[in-house]
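Just the heavy atoms: all of them, side chains too, but no hydrogens, waters or symmetry mates, feed the values below. Lettering follows sequence order; numbering is per chain, from 1. Everything numeric in this text was worked out from a predicted model, so none of it was measured.
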Amino acid sequence: MGESAIAVRALRKSFGAKEAVAGIDLDIAAGSFAGLVGPNGAGKTTSLSMMTGLLRPDSGQILINGLDVWADPRAAKAVIGVVPDQAPLFDRLSGQELLEYAGRLRGLPAAEALRRAGQLLDVLDLTADAKRLVADYSTGMRKKAALGCALIHNPPVLFLDEPLEGVDPVSADVIRRLLTRFTSSGSTVLFSSHVMELVEQVCDHVSIIDKGKIVVTGTMDQVRGGKTLQQAFIDLVGTRAGDEEVLSWLGSSSS
Amino acid sequence: MARLLVQLKLLLLRNALRSSTGAKIGFITSTIFAGLVAAGTFAILASLRGHSAAVDLTTVIFTVFAFGWLILPLVAFGLDATLDPATLALFPLRTRPLAVGLLAASATGAWPLANLVGLLGVTVGLASGAFGLLIALIAVVLEVLFCIALARFVTTSLAGLLRSRRGKDFAVFLVIPIFALYEAFAQVVPRLSAEGKLHESSFNGVDTALRWLPPGLAAHAIQDASSGRPGPAVARLALLAAVIVVLVWLWIRSLSRALVTADTSTQSSAVRSAALPFARYGLRGTLAARFWIYQRREPLSVTYWAIVVVIMGATSVSTVTTPRYLVAILLSAGFAGVFVGVFHANSIGLSGPAFSLEATALSGSRALRAYFSGQNIALGLVGVPLLALASFVIAAVARHPVDGFLGLAVDLAGIGAGLAVSNILTAGLPYPVEKRAGNPAPRPAGGYTGYPLGAALACFGAVGVAVTPVVVAVLSTSSEPAAIRMPLLVLGAAGYGLALAWAGVRIAAATAAPKLPELCQTALRSRL
């Protein structure tokens, strides 16, 4: 394993009495397609927010390509791209304006930002809607536009929070192929999800997070241990059983 | 069905009382206000007894109520969960009983009751004799029914539109005429009546048109019945009842259509845009471009500017045609500066979660200086010409058009001061906002309700102090020749305003830089 693209040490964050992230250590090698999976409320979004400089940790260190996110945010922000949860966007801009804006914010020259915006819109299958307001986009289109914004400055490290939630299969495939191409050139992707099949399909590295702690981390095969990721996940995180008797009326065999 | 829906409405009202403190206070305030409106309307209508223009004024009041019922649901769509037919579309219901039930649910609540009680003032004010009283009671009930049917018809026909993005945008714009009407009533009516220009007979002409509208039919039926003309009275009420029947029939038709028609919000047209304007001027130009586009495309931004202009008109109206016209010009310009500050004092909170796109790219005070100055450039590009135009219009109305330059001088200082204080407050006193059902303008999230008031006071204080030197300069140079005085004042004020805005940007950026993640978290908590 070469130098870590993402290195997290003893990361902690509490909100009042609730410890959302309880000491996370994580190493993601450059060129990895890494997944961060966990149940709802496990601390995925909180961890990603801290790694991308949007939420101040209580303690711990985060290095992106060797740059400390919290000691030198300017340098660290320059090497990352982020698609936050819910993909919040400036929805009064058209798709093209939005991508150009993202490129200009990242310091691309105006002509280059415009050129890349056009190409990304094309690859993301948004060219026909490039001049429509993002406010009128569907969920899948918004996610694709957000991905375009995160990629326009060609960041070495890309963070995605639930990138495919609410995205139709065709758009999901477009996004998946784009990200695979992105990592095969040596760039790194870390994305959070609770869709196990997806993570299993695309990731070569996976970390399972539960109750603010990394339960297991490693290559896909190491973590699965011969089972499906879904089964490995449920074995590790535990499941809730025993509700069946209560709903005895449910189903067509009852009245 | 009717009983079930009335119970649902009562349950919704009761739950409003049980939910958060804010909602509770809102509900109680609204109920008290409804009571006051009921008592006030009753008193006003009752006091018309014996007036020569009683029937005319009653007609006007009846029409105003119908107008209120027409407008309010457009702005407050979502306030009443039973208003939107889509919420009921999934249930296996037949249209006719559903319609009766929805009408009954509409008639339930403090406001419909206040409406009924208030309008019953006509039994004292206009009606006389047993027959007159009977007709008055029927007329009031029909008037309230008419109002409800009208409101239902309008909201149901427009439900698809009101749920769409465009419809919501449109509803935001309705704030402008409502605010202007409110200002007109608050400023113009008291002055006109104090000067004796507004009295009962002023409404004589109005009535000739309004008497043929449904509310006018109700009022005139009472008048006819009370003055011994039972025929016309009954005929008018019969006509009104027919109008209501037609309205309800139209409403039922549009209801059955609305229950099975998809909303059209996903259909939209493209914008005309080549590339971002001024984006080639670095980071500042890029941010200016984004804010500039938002000033035009975000309905709330347009509304804010329109309200600034209405405020300028309202503050100048009482003195603009008097010898103290200069007060109108200077005061309106000062107020404009204050409200430029007030409306932009939480711009990161108002950006909402989208700010995270900027927060992931920007860092350090240099980038934040670009952020604030880019915003100010965009606001200045809109604000300076708009306020200048308003000041010159006010000066022209005062018949001293050249003195518009004096207004412009205060405008420039006021905009500079307003932008400076709004930048500093954006960085120093940010708060999350949320759009709630029934209110097109975002309000502070729970726990932050005091923030806008604090920000407004800060804007009043800071802009008031900041424009004082310019006002003093204007007043103390009144004997100088205009050709020298005007350019000097305008240029001096422009420089002063720029200096204030520049200082504001520096302070705001220095404040925001170390707490950018916290600002971003505040913005992420906004629900827009």
Side-chain angles (χ1 to χ4, degrees), chain A residues 49-50 52-57 69-70 72-78 80-111 113-114 117-118 128-138 146 149-150 153 155 159, chain B residues 164-166 168-169 265-283 285-287 289-291 293-301 351-364 366-367 370-371 513-521 523-524 526 528:
Chain A
S49 298
M50 291 190 284
T52 51
L54 295 181
L55 178 67
R56 199 183 298 278
V69 173
W70 289 94
D72 188 2
R74 195 178 320 171
K77 281 181 181 180
I80 63 177
V82 189
V83 178
D85 187 25
Q86 311 289 332
L89 299 168
F90 286 101
D91 58 11
R92 300 285 161 167
L93 300 183
S94 69
Q96 183 192 318
E97 287 167 343
L98 181 72
L99 263 69
E100 190 195 349
Y101 181 58
R104 293 291 294 134
L105 278 181
R106 297 297 193 155
L108 293 181
L114 197 57
D129 301 296
K131 304 226 163 181
R132 279 175 57 196
L133 294 192
V134 175
D136 296 325
Y137 278 16
S138 65
C149 290
H153 59 298
F159 291 90
Chain B
S164 71
R165 201 249 316 154
R166 270 155 202 272
K168 285 182 186 150
D169 286 3
S265 60
T266 48
Q267 297 165 13
S268 63
S269 50
V271 296
R272 284 179 294 112
S273 70
L276 285 180
F278 353 103
R280 58 182 182 279
Y281 301 111
L283 186 56
T286 304
L287 283 148
R290 203 274 286 169
F291 279 106
I293 290 173
Y294 261 60
Q295 291 310 304
R296 289 180 292 133
R297 289 196 202 142
E298 231 272 321
L300 200 62
S301 307
S351 288
F355 179 70
S356 61
L357 181 74
E358 290 165 338
T360 49
L362 306 176
S363 192
R366 195 186 153 97
Y371 180 88
K515 53 183 239 184
L516 186 60
E518 284 73 23
L519 283 171
C520 185
Q521 291 303 315
L524 283 171
S526 285
L528 295 172

- B:Leu362 portion near chain A, given a 4.5 angstrom heavy-atom threshold: both

- Where is the tightest heavy-atom contact between A:Arg92 and B:Pro299, given as atom of each residue plus distance? NH1-CD, 3.5 Å

- Ranking B:Thr360, B:Ile293, B:Leu283 by heavy-atom pairs under 4.5 Å to chain A gives rank one to B:Thr360

- Query: Considering all heavy atoms of both residues, which atom of A:Pro88 and which atom of B:Ser356 are nearest to each other, and what is their separation?
  - Reply: CG-OG, 3.6 Å

- Charged N to carboxylate O under 4.0 angstrom, B:Arg297 versus A:Glu97? yes

- Looking only at heavy atoms, what is the nearest atom pair of A:Leu105 and B:Leu357, with distance? CD1-O, 4.2 Å

- Query: Highest number of heavy-atom pairs under 4.5 Å with chain B: which of A:Leu93, A:Val82, A:Thr52, A:Val83?
  - Reply: A:Leu93

- Item | Option in B:Leu287, B:Leu516, B:Leu519 with maximal non-hydrogen atom pairs under 4.5 Å from chain A | B:Leu287

- Query: Side chain, backbone, both or neither: which part of A:Ile80 has a heavy atom under 4.5 Å from chain B?
  - Reply: neither

- Considering only heavy atoms, which portion of A:Asp129 lies under 4.5 Å from any heavy atom of chain B: side chain, backbone, both, or neither? neither

- What are the two closest heavy atoms between A:Arg56 and B:Lys515, and how far apart are they? NH2-CA, 4.0 Å

- Task: Check whether any side-chain heavy atom of A:Leu54 sits under 4.5 Å from a side-chain heavy atom of B:Pro517, and report yes or no.
- Result: no

- Message: Determine whether a donor-acceptor pair (N or O, by modelled atom type, separation under 3.5 Å) exists between the side chain of A:Lys77 and the backbone of B:Ser363.
- Response: no

- Task: Examine whether an atom of B:Glu518 lies under 4.5 Å from a heavy atom of chain A, and if so say whether it belongs to the side chain, the backbone or both; otherwise answer neither.
- Result: side chain

- Task: Give the minimum heavy-atom separation between B:Leu276 and A:Glu100, together with the two atoms involved.
- Result: N-OE1, 3.0 Å

- Message: Please classify the contact between A:Pro84 and chain B as side chain, backbone, both or neither, with a heavy-atom cut-off of under 4.5 Å.
- Response: side chain

- Message: Within this structure, what is the CG-OH distance for the pair A:Asp91 and B:Tyr294, rounded to the nearest 0.5 Å?
- Response: 5.0 Å

- Task: Locate the shortest heavy-atom distance separating A:Phe90 from B:Ala354; write the atom from each residue and the value.
- Result: CE1-O, 3.4 Å

- Identify, with sequence neighbours excluded, every residue that meets salt bridge (charged side-chain N to carboxylate O under 4.0 Å, His left out) alongside B:Arg296. none

